[in-house]
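All remarks here apply to the structure that follows.
Here is how names work: the chains are called A, B, and so on, in the same order as the sequence lines, proteins then strands, and each is numbered from 1.
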Amino acid sequence: MSTTSSGVQPRPGDPAITPALVAEHGITPFEYDKLLGLLGREPTFTELGIVSALWSEHCSYKHSRPVLKTLPTTAPYVLQGPGENAGVISVGDGWAVAFKIESHNHPSAVEPYQGAATGVGGILRDVFTMGARPIAMLNSLRFGSLDTPRVRWLVSGVVKGIGDYGNCIGVPTVAGDVMFDPAYEGNPLVNAMCVGIMREEELITAKAEGVGNPILAVGARTGRDGIHGASFASEDLSDENEAKRPRVQVGDPFTEKLLLEASLELIRSGHIVAIQDMGAAGLTSSSAEMAERGDVGVVIDVTKVPVREEGMTPYEILLSESQERMLVVAKRGHEDAAKAILRKWDLQAEVIGEVIAEPVYRVVEGDRIVAEFPGSRLVTECPQYHPEARESAVIAGLRATDPHAVAERSEESDASWTLCELLSSPTIASKRWIYRQYDSQVRTSTVVGPGMADAAVVRLRGTNKALALKTDCNSRYVYLDPRMGGRIAVAEAARNVACTGGRPMAITNCLNFGNPKKPEVFFQFREAVHGMGDACRALGTPVTGGNVSLYNENPQGAVFPTPTIGMVGLIDDIAHITRSSFTTPGDSIVQLGSSTNELGASEYLARVHGVTIGAVPVVDLDHEKRLVDLLLSMIAGGHVRSAHDLSEGGFAVALAECCMGDREAMLGASVDLSDVTLESERALLWGEAQGRVLVSTGAPDAVLTAAAAH
Amino acid sequence: MKFGIVTFPGSNCDVDAVHAITDQLGQTAVSLWHRDHDTQGCDVLILPGGFSYGDALRAGAIARFSPIMQEVVAHAERGAPVIGICNGFQILCESHLLPGALMRNAGLKFVCDWVHLRVEGAAPMFLNSYQPGQVLRMPVAHGEGRFVADESTLDSLEGHGQVVFRYCDPAGIVTAESNPNGALRGIAGITNAAGNVLGMMPHPERAVESLLGSTDGLPLFESLLARVGA
Amino acid sequence: MSRFRVSVHIVPRKGLLDPQGKAVTDALHTLGFGDVDDTRIGRHLVLDVKADSAAAAEVSVTAMCDKLLANPVTEDYEIVSTVTA
Amino acid sequence: MSRFRVSVHIVPRKGLLDPQGKAVTDALHTLGFGDVDDTRIGRHLVLDVKADSAAAAEVSVTAMCDKLLANPVTEDYEIVSTVTA
Ligand SMILES: Nc1ncnc2c1ncn2[C@@H]1O[C@H](COP(=O)(O)OP(=O)(O)O)[C@@H](O)[C@H]1O
Ligand SMILES: [Mg+2]
């Protein structure tokens with residue numbers, strides 16, 4: 001294999017580089033100039049493909065990085081912050097938790113089953129390439145109205161895709177959240193989160209190291225599927241995309257299961273120095289990023305890559321997004337031992353390249369150099385933008401609209417009519433029809449599965465501890481007031497985790513927004529991220545990683561801005577695990593936090609009146625922090641039999657959920673609200689004032705005393 | 001007593017079975033690799049749940065040909081206990097150690113839920129520690145769990161006490177609503193004629209700890225201890 | 001109107017990964033059928049349709065394939081026969 | 001040796017409940033294809049096999065069906081065509 005530079009040669013048959021071809025690759029004239037500067041010459045067709053992938057929004061974060069830099073990322077227990085395949089925190093006793101969330105919105109809009117399935121596959125690989133064994137999956141979904149056949153088709157495909165993949169690989173899907181709103185009609189959101197555990201010393205990163213070390217392609221063969229998926233995920237969805245369908249990738253959870261077991265065995269074996277998923281932009285981005293992190297050069301020979309189809313060009317091999325593939329840097333001389341482990345799991349591995357001292361990223365096809373870039377500058381010097389941000393006057397107007405001015409419908413004179421209307425809203429109603437299709441119990445560690453509490457609880461075998469896990473984001477709030485909405489997304493996730501007895505530790509996040517080049521969208525993005533940062537700082541939950549998905553829009557408009565939060569909490573003692581439904585007749589019901597006259601941005605207004613208006617409820621982050629502490633101390637003190645946070649639908653809906661949550665043992669409740677004096681009865685019942693939790697207790701005095709002290 | 005739990009490519013409840021046997025039952029459990037022929041002197045062999053070979057073609061169709069299956073057959077022919085759970089049940093049917101077949105759920109969807117089961121039949125090896133007619137609560141998690149066989153096979157299974165678990169409501173009554181997959185005659189688990197090979201769709205190894213919601217699976221394993229003599 | 005029996009093949013699109021076919025090919029090799037180079041696993045549908053003519057029945061089934069039966073993104077379909085039922 | 005492409009139908013045995021076929025018929029009705037009376041869904045396998053003759057290829061595929069491809073309890077199979085590939 002040629003490891004010295006002898007000049008890049010275009011391949012016979014490559015198309016000529018024209019402005020039209022450059023544009024087709026999504027590279028702007030400004031970016032092309034930058035590329036010419038980097039190379040000092042015209043790129044080859046192969047190089048153009050590589051650059052278009054690496055500089056796509058999906059891989060380069062070119063519009064989002066400066067804003068993301070403002071997020072807090074540190075805490076004494078953070079072992080790995082943003083920048084790696086997944087974030088990692090220590091949970092004590094030598095155990096570490098790796099977790100990350102990722103979107104597969106665009107692929108799922110085109111082919112919901114495969115799109116969602118491969119999304120699950122990708123996030124699983126991100127976690128087990130850190131050395132962690134995946135122990136739980138979560139999913140956060142957003143769809144248009146369930147009334148249209150197309151949306152029902154999307155939902156059933158997405159749910160089946162998530163289920164089939166997770167069920168087959170044997171990682172339980174334990175929690176999630178789903179919201180339906182016309183804002184997602186053309187652009188569903190499919191975010192999947194994976195959580196894994198490992199011993200702290202087993203942590204491994206994706207850093208190419210050691211000149212002379214061989215680079216191996218492991219797992220599935222490379223086919224023509226998904227070529228340019230990364231640039232696809234960086235464009236608006238239009239009818240034209242219908243024609244781009246061959247880009248769809250097919251998932252193979254069986255191969256992934258083998259890859260999972262083999263990778264963990266490889267990592268523990270000491271034969272390798274680094275491992276990385278070939279995710280978006282496949283071999284290109286995995287090899288370039290590994291080289292950049294390790295500050296070394298790499299050479300890859302595409303003729304050594306096992307392919308599924310004949311006649312594949314270097315361009316296709318480099319950009320294929322065939323699933324279930326890994327890039328591994330082995331220790332020199334250990335490649336055969338590594339291959340033996342893979343063979344045991346019926347997997348293929350081939351040496352396709354080498355780590356080199358010369359600081360170049362070089363791709364060869366036998367003797368011919370088909371692409372070569374100076375050092376890691378392709379990754380580090382990708383273009384960055386600071387787009388204009390301006391709030392939409394229309395949205396500001398909606399926010400300023402007084403929700404109390406919305407006239408009551410006549411049926412509302414009977415509050416139980418309104419309650420039924422809200423309980424039957426697909427966003428509020430039980431998601432059992434979804435999560436029954438997910439194996440939530442495999443690995444026999446799911447103490448609290450979907451539907452049983454505000455967050456899922458997964459015990460850490462061999463310890464007395466458990467993790468509390470939840471995804472959340474009320475995007476209606478973010479739409480009307482991105483700063484406040486960003487704060488609430490984090491606060492609600494923290495509240496949910498605390499209701500189960502877990503201390504909020506850290507978050508991962510998936511930022512689903514529209515086209516960042518539109519000032520109105522970039523405003524939402526910037527403000528929502530700042531809001532998240534505010535809440536993370538106040539609650540002490542650093543951001544350890546995440547994913548940005550932009551261009552979630554179509555000619556009808558953008559989705560609600562949706563910064564999905566994936567929260568990990570730690571329960572110190574499994575005896576403290578708390579569920580959300582009432583357990584014991586005769587218990588007292590106590591509301592922590594105060595109700596207010598706030599009615600804006602509520603599910604009530606959306607469901608009953610069809611409007612998204614009004615001021616978003618104000619979240620007091622200091623109060624949220626104290627609420628979390630109060631919950632944890634009361635739960636540890638043994639005073640709380642159930643805890644449920646008040647969210648969509650407000651007090652009345654939360655109370656109903658506490659009564660009906662346990663399908664096998666439903667209870668009733670009787671409450672007296674005559675002492676609560678609010679101007680608006682609607683706000684009392686359906687308003688979504690923040691910082692409130694309903695607890696049931698056999699010791700109401702102890703609860704009230706503790707609450708007063710906080 | 002020594003339990004051997006087979007790992008096929010794609011098995012994913014193998015580790016859970018090992019934990020159930022060692023952590024909850026206090027017995028010895030070893031993992032057996034599908035390509036091996038050595039059953040390491042195990043008294044009981046368990047084919048665990050999961051998606052062997054990704055359920056390609058039909059669940060269990062390919063795993064049945066793994067080398068270890070020759071030893072499983074020999075073990076069964078000696079009259080020693082074999083348990084197939086979920087995918088393991090599918091493998092046992094595919095290898096004709098048990099009659100019938102498991103087809104796609106009638107609802108066409110994967111179902112993960114708690115079900116109730118009525119204990120019946122005459123298989124003391126597995127049922128000794130249960131009361132006849134006892135109602136159990138256990139998880140199911142499968143997409144191809146609809147037990148089918150022709151009428152005469154079904155009659156014969158029932159006539160010989162080989163139907164050991166049936167889906168029922170919490171009161172023990174067999175109803176269509178309590179049947180998660182449309183299995184004929186509500187059948188959730190059967191044994192072979194000799195009563196030493198058990199196949200069941202529900203997961204007893206997931207029902208061995210009150211922390212996880214049920215301990216109704218424990219007596220199944222305890223029956224074996226009492227019978228074979230630890 | 002008469003009744004026609006229309007037979008349709010739906011197969012995974014060429015070039016897309018067919019994990020099931022791959023697993024079956026590997027299994028056949030293990031079982032000693034080394035001469036199998038490739039297996040593709042699709043579906044075979046038989047539809048009984050009322051229509052004025054065989055041609056009309058096929059037009060109708062084509063529409064069904066486009067709309068529901070085949071996944072336009074990942075599968076190709078072919079009407080293989082139409083007979084009176 | 002030449003290469004043959006053998007096409008096999010594997011169908012659920014008659015008399016067994018076919019929930020999938022029923023679900024598809026119902027969905028077709030909902031979509032306005034009311035003239036569909038019945039849908040049966042089976043598997044369609046296409047195997048590329050090296051063999052000395054078409055007949056030998058079919059013998060080989062028959063053995064594969066008996067051993068692995070079809071479940072005798074629930075399915076019937078039929079080799080529908082064999083062409084040189
Ligand atoms: N897509 C999903 N997958 C798995 N579980 C889900 C999903 N959506 C909702 N759930 C579960 O349903 C329950 C209710 O969810 P949600 O309405 O978001 O709760 P809350 O309003 O208390 O935050 C939770 O236990 C949640 O984990
Ligand atoms: Mg919620």
Checklist entry - What residues of residues 341-349 of chain A sit under 4.5 Å from chain B when you count only heavy atoms? => result R343(A), K344(A), W345(A), D346(A)
Item to check | Neighbourhood of chain A inside residues 199-212 of chain B, taking heavy atoms under 4.5 Å as contact | outcome: E205(B), R206(B), E209(B), L211(B), L212(B)
Checklist entry - Taking every heavy-atom pair that is under 4.5 Å apart, which of E256(A), R459(A), E261(A) has the most such pairs with chain B? => result R459(A)
Checklist entry - So which part of D23(B) gets closer than 4.5 Å to some heavy atom of chain A, the side chain, the backbone, both or neither? => result side chain
Next on the checklist: Show, in sequence, the C-alpha distance, side-chain angles and deciding distance for D113(B) and R432(A), and conclude whether the side-chain contact (heavy atoms from CB on, under 4.5 Å) test is met.
Outcome noted: CA-CA 10 Å; D113(B) 213 338; R432(A) 183 165 176 265; 2.6 Å; yes
Next on the checklist: If I measure from the heavy atoms of chain B, does S156(A) come under 4.5 Å with its side chain, its backbone, both, or neither?
Outcome noted: neither
Checklist entry - Under 3.5 Å, is there a donor-acceptor pair between the side chain of D252(A) and the main chain of G54(B)? => result no
Checklist entry - Of all of C13(B), P9(B), A56(B), A141(B), which one pairs up most often with chain A through heavy atoms under 4.5 Å apart? => result P9(B)
Checklist entry - Relative to chain B, which segment of S445(A) carries a heavy atom at a distance below 4.5 Å: side chain, backbone, both, or neither? => result backbone
Checklist entry - About how many Å separate CZ of F110(B) and NZ of K160(A), when rounded to the nearest 0.5 Å? => result 10.0 Å
Next on the checklist: At a 4.5 Å cut-off on heavy atoms, which part of E664(A) comes close to chain B: side chain, backbone, both, or neither?
Outcome noted: side chain
Next on the checklist: On a heavy-atom basis, which atom in N167(A) and which in N12(B) lie closest, and how many Å separate them?
Outcome noted: O-ND2, 3.2 Å
Checklist outcome for this item: Cut-off 4.5 Å, heavy atoms of chain A, and the answer for V111(B) is both
Checklist entry - At a heavy-atom separation under 4.5 Å, does L260(A) approach chain B through its side chain, its backbone, both, or neither? => result neither
Next on the checklist: Only pairs of heavy atoms separated by less than 4.5 Å count here; which of C168(A), G163(A), G170(A) has the most with chain B?
Outcome noted: C168(A)
Next on the checklist: Would you say that more than 12 heavy atoms from the other residues, nucleotides or ligands in this model lie under 6.0 Å from the CZ of R663(A), or not?
Outcome noted: no
Checklist entry - Any idea which heavy atoms bring P139(B) and Q441(A) closest together, and the distance? => result CB-OE1, 2.8 Å
Next on the checklist: Taking atom NZ as the centre, does K109(B) end up with more than 12 heavy-atom neighbours from other residues, nucleotides or ligands that are less than 6.0 angstrom away?
Outcome noted: no
Item to check | ring-ring contact (aromatic ring centres under 6.0 Å, His included) assessment of F254(A) paired with F51(B) | outcome: CA-CA 8 Å; F254(A) 170 61; F51(B) 287 73; over 10 Å; no
